[in-house]
Amino acid sequence: MSIKFICSCGKHLRARDEMAARRSMCPRCGAPVGVPSLRPTHPGTPVAPLTPQERLRLNRNKPRSASEALTTAIFPTLPLPACSPSSNEPSPTPKAYRRRRQLEQHWYECLAYPFLSRNVLVSFALVLSVGMGSIVLALQSFLQSRFPWIAGVVVVGLILAYAYSTVECALASALAGKGAASYLPTWSAADPLKSGVRWLFCFVAGPIVPTSLAIYLWIYGGDLTALDWAIVVELGGVAAAYWFLAIICANQRNRLRDANPVRVAQLVQRLKYRAIVPVLIAPALAIAHVLLGLSALTALAQHVFAGWLLLAGCLCSALFWSAFFFRLLGVWCYCTKP
Amino acid sequence: MKGPHWSWYLLIGFVALAPAGIRLATWPGFKQSASEPQMVQAGQTLFVHEWKAHDPLASGGDGLGPVCNAASCVACHNQGGPGGGGDLTHNVTTYVYRSDAEAAARGKPREGVVHAYAVNCAPETLHDLHPELPSLSRPSLDQIVNLPGNLRSSSNHCIVAPPAVRLSQRNTPALFGARLIDGIPDRVIIANERTQRVRWGLAPKKSESLPVGRALRLPDGRVGHFGWKAQSARLADFVQAACANELGLGNPGQAQPRPLSNPSYQPVGYDLTLEQCDQITAFVASLPRPIEKLPEAPSLRSDAVAGKELFHRIGCADCHMPNVGSVEGLYSDLLLHDMGQPLEGGGSYNDVPQQPDPNKPPSDPNDPPQPGEWRTPPLWGVADSAPYLHDGRAPTLEKAIELHGGQGTQAARNFASLSKAEQDQLLTFLRTLRAPSASD
């Protein structure tokens with residue numbers, strides 16, 4: 001028998017009975033989540049989860065386990081969200097949430113998010129740069145001697161999935177109205193893989209077309225003129241903008257089928273003037289990072305150290321800005337929730 | 001709240017789609033224009049014509065010479081029929097001479113051809129080029145290049161050229177199927193360059209060992225299609241340069257060379273008009289493309305099929321790409337590849353775009369060809385165009401593969417690592433690439 005419950009980010013969770021009324025971490029948004037109690041909270045009512053107040057009261061009278069103490073140490077001041085709609089507490093409005101959970105009030109406050117996650121983001125950037133650089137150097141040096149570079153691609157793909165998952169935590173936690181803190185995914189391989197699949201799906205379900213056209217034009221368009229560069233940038237921008245928006249749509253209800261043009265258009269309409277961020281600013285930065293990354297990979301062949309340094313810097317910056325933009329867009333989406 | 005007027009959306013859509021629309025409208029396609037039969041006929045007459053001094057066909061100029069390498073086009077281009085390749089006896093000797101003064105001023109060195117024959121003047125000799133060189137007018141390949149013992153055809157000693165002079169030779173290339181190469185858009189050749197770079201992990205534009213070539217951009221922005229150094233963008237340019245340099249027939253596209261022994265020689269006028277050049281170009285363009293002819297014997301046929309698979313597997317097809325754009329069976333990427341120090345050869349067949357600055361790193365795609373860089377020769381018709389490599393130093397296909405260096409080193413090593421039977425299969429495949437006359 002297991003307890004089924006839903007995190008406020010929308011993730012359907014399952015826990016063993018002995019975890020009842022205890023705290024755990026949501027593998028999707030990385031936020032602490034309360035496992036519902038098996039005991040009725042009031043006589044004569046059906047089984048319902050503990051409210052945060054009840055849980056705190058219960059915990060005060062109970063010796064804490066080592067893992068629980070660790071979790072609390074990581075998230076010392078973060079109040080737990082209500083986990084179930086059947087809670088006695090009335091469902092708070094977004095404004096009430098923002099007040100109570102200290103959700104970022106201004107856009108610049110979201111800049112703090114990547115700083116709070118700096119250790120993880122920088123670590124991912126360094127590992128990714130080593131992995132990607134090694135693959136490129138392997139392609140240039142060892143491919144003819146049958147170097148197992150495909151294995152390297154798989155490893156880098158897995159690390160990339162973890163990185164996506166980390167960035168996605170910023171979005172999912174904001175969409176769930178969880179306050180400013182650093183949210184991290186679990187180390188289980190399943191969730192980052194799901195995250196990687198979600199990003200891949202969102203890419204294949206649309207942005208792959210303009211991206212392919214841009215690559216085709218770059219390869220087969222001869223020496224690119226200013227007009228060609230305008231088209232390449234335009235296609236890249238469309239691809240990046242749609243990808244960002246599709247990822248947000250898929251995360252809102254944790255449904256892949258929401259990554260479709262109708263939902264994306266609805267999201268743009270909902271964001272109003274704020275849509276300039278995912279439609280223009282974020283894609284511009286994404287294109288700049290792609291170009292910088294390609295330059296770094298090209299430079300690797302001639303100046304290994306400089307190339308690697310540039311690549312690490314580029315990936316660091318990319319992860320930083322991704323976390324910021326997803327956090328910001330998540331907060332805006334939460335605030336404009338109908 | 002009232003949204004923006006629909007015309008705004010229309011305007012934004014129009015602005016967004018306008019660049020793509022313009023690009024689609026101007027997208028260059030495969031150009032292939034049929035030549036008029038009269039032009040081809042007239043061109044054939046000029047192609048096989050034995051030119052003389054003050055030839056009546058060269059109405060405005062001095063006719064053949066004053067310096068030349070042959071008296072007609074077909075004298076060199078004759079293997080497998082008119083328009084084919086030539087043997088070693090028709091090799092052309094080229095030179096690069098950078099004097100101390102030119103080196104100090106970082107000026108352009110003198111480049112050109114030491115012609116085999118002279119008309120109404122003293123023949124050119126190597127001594128005319130530099131006083132330390134012998135008075136030799138028609139040096140053989142083994143006098144120019146220090147070939148290994150098994151490739152030396154005579155007991156001649158290799159000439160030791162002073163450091164300021166670099167001598168080299170060029171073998172006559174076959175012209176079959178030139179119209180198809182001429183029609184390949186520049187963007188297709190540049191695409192070959194980019195796909196090779198991407199395939200080899202975003203390799204730099206100039207690699208010493210990876211098969212990553214570069215398209216030669218001429219100063220006018222066009223991409224080189226013809227010549228051992230890809231120095232001619234179009235067939236018409238190539239023909240005009242050949243007429244001037246090989247036969248001494250000056251034309252509006254290329255001035256005739258002045259004799260080394262008489263640098264002050266002034267031509268009286270053009271030997272060929274632009275129309276005559278176009279006629280020769282039309283004839284060359286009318287030459288049929290080489291064919292891929294499988295052997296009759298079933299065992300050889302299966303060997304050829306297996307050899308074709310090996311050709312791809314060991315990496316030959318990385319540079320000798322079977323198809324380029326819509327041209328099938330070309331077996332070339334038309335890119336310049338660094339073939340290593342032993343195959344270096346300077347000197348230009350006609351004017352190179354510009355001289356590289358020795359202080360500039362050789363990574364600019366607009367740099368002229370380096371001494372070790374050669375355009376991948378198309379392998380169609382290779383079975384009927386021996387000897388091989390730019391100066392014909394390889395008498396057989398096997399030797400040609402063995403001599404691949406630089407970016408071709410790995411493919412040559414892969415070939416050497418094959419069993420004898422597999423090597424024979426690959427060579428059997430190469431022998432199926434025949435000149436058009438083999439179809440008769």
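Throughout, protein chains are lettered first and strands after them, A, B, ... in sequence-line order, and every chain is numbered starting at 1. Note that the coordinates shown come from a computational prediction; the quantities given were computed from them, not determined experimentally.
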Q: Decide if atom CD1 of A/Ile281 counts as having more than 12 heavy atoms of other residues, nucleotides or ligands within a radius under 6.0 Å.
A: yes
Q | Minimum heavy-atom distance B/Leu17-A/Glu234, with the two atoms named | A | N-OE2, 4.3 Å
Q.
Please rank B/Gly221, B/Gly315, B/Ala191 by heavy-atom pairs under 4.5 Å with chain A and give me the top one.
A. B/Ala191
Q. Could you give the distance from CG (A/Asp228) to OG1 (B/Thr26), rounded to the nearest 0.5 Å?
A. 8.0 Å
Q.
Does this structure show an ion pair linking A/Asp223 with B/Arg194, if we count only N-O contacts that are shorter than 4.0 Å?
A. yes
Q: Measure the CG-OH distance between B/Asn192 and A/Tyr220 for me, rounded to the nearest 0.5 Å.
A: 8.0 Å
Q.
Looking at A/Gly221, is its backbone amide N or carbonyl O close enough to the side chain of B/Arg23 to form a donor-acceptor pair, meaning the two atoms are under 3.5 Å apart?
A. yes
Q | chain A contact via B/Val223 - which portion, at a heavy-atom distance below 4.5 Å | A | neither
Q | Atom CD of A/Gln269 with >12 non-hydrogen neighbours under 6.0 angstrom | A | no
Q) Quick one: what part of A/Leu235 sits under 4.5 Å from any heavy atom of chain B, side chain, backbone, both or neither? A) neither
Q. So what's closer than 4.5 Å to chain A heavy atoms on B/Ala16: side chain, backbone, both or neither?
A. both
Q: State whether the number of non-hydrogen atoms from other residues, nucleotides or ligands found under 6.0 Å of A/Trp107 atom CH2 is greater than 12.
A: no
Q: Supply the atom-to-atom distance B/Ile22 CD1 to A/Ile231 CD1, rounded to the nearest 0.5 angstrom.
A: 8.0 Å
